[in-house]
Amino acid sequence: FPSHDIVERNGRMTYETPIGGQGKGWLDLLAIRGQRGVAIEVKIGNDKVSDAQRFWIGIWASSRNEVYVMREPKQREGEISWDELVKVLE
């Protein structure tokens, strides 16, 4: 993947990975060891999971992989914190 671009939106700087086409909404982190696959979407502040991200979360979950939305501190039902994520990955 290309490196992250720094983009200004609505007066704040964000990082953006330029992925087009069917890669839109691709999750932030993928970890695979042996038969175990873990997909993680990292959210910061009040950012919400987009429809495109929900699509990929559904794909990963339907293929028997673990899927997490991580936010510190967690704000919404179904999210996990950094400390909880570390325990899951141990």
Could I get the full list of side chain to side chain donor-acceptor pair (under 3.5 Å) partners for S62, not counting sequence neighbours? none

V69, I59: one ILVMFWY side-chain cluster at the under-4.5 Å cut-off? yes

Same apolar cluster (I L V M F W Y, side chains within < 4.5 Å links), W82/V38: yes

For L27 and I40: C-alpha separation, side-chain torsions, deciding distance, then whether side chain to side chain contact (heavy atoms under 4.5 Å, CB included) applies. CA-CA 6 Å; L27 304 179; I40 304 159; over 6 Å; no

For D47, what residues pass the salt bridge (Lys or Arg N to Asp or Glu O under 4.0 Å) criterion, not counting sequence neighbours? R12

Can you tell me how far the CZ atom of R54 sits from the CD atom of E41, to the nearest 0.5 Å? 11.0 Å

Does A52 have any side-chain contact (heavy atoms from CB on, under 4.5 Å) partners at least two apart in sequence or in another chain, and if so, which? K24, S50

Do V49 and L30 sit in one hydrophobic cluster, given that two such residues count as connected whenever their side-chain heavy atoms are within less than 4.5 Å of each other, even indirectly? yes

Minimum heavy-atom separation for G37 and N65, please, with both atom names. CA-OD1, 3.2 Å

Y68 pairs by side chain to side chain contact (heavy atoms under 4.5 Å, CB included) with which of V42, I80, L29, L89? I80

Excluding sequence neighbours, so at least two apart, what forms salt bridge (Lys or Arg N to Asp or Glu O under 4.0 Å) with D83? none

Salt bridge (Lys or Arg N to Asp or Glu O under 4.0 Å) partners for E84, two or more places apart: K74

List the steps, then state whether side chain to side chain contact (heavy atoms under 4.5 Å, CB included) holds for V67 with W56. CA-CA 10 Å; V67 182; W56 286 112; over 6 Å; no

Check the pair K48 / Q75 against side-chain hydrogen bond (donor to acceptor under 3.5 Å, both in side chains), numbers first and verdict last. CA-CA 10 Å; K48 296 179 181 177; Q75 298 176 358; over 6 Å; no

Residues V88, E66; criterion side chain to side chain contact (heavy atoms under 4.5 Å, CB included); working and verdict: CA-CA 10 Å; V88 164; E66 300 168 50; 3.7 Å; yes

For the atom pair CH2 (W60) and CZ (F55), what is the distance rounded to the nearest 0.5 Å? 12.5 Å

Strictly distance-based, threshold 3.5 Å: is any side-chain N or O of R71 a donor or acceptor partner for the main-chain N or O of E79? no

Just to verify, what does R76 make a side chain to side chain donor-acceptor pair (under 3.5 Å) with, not counting sequence neighbours? none

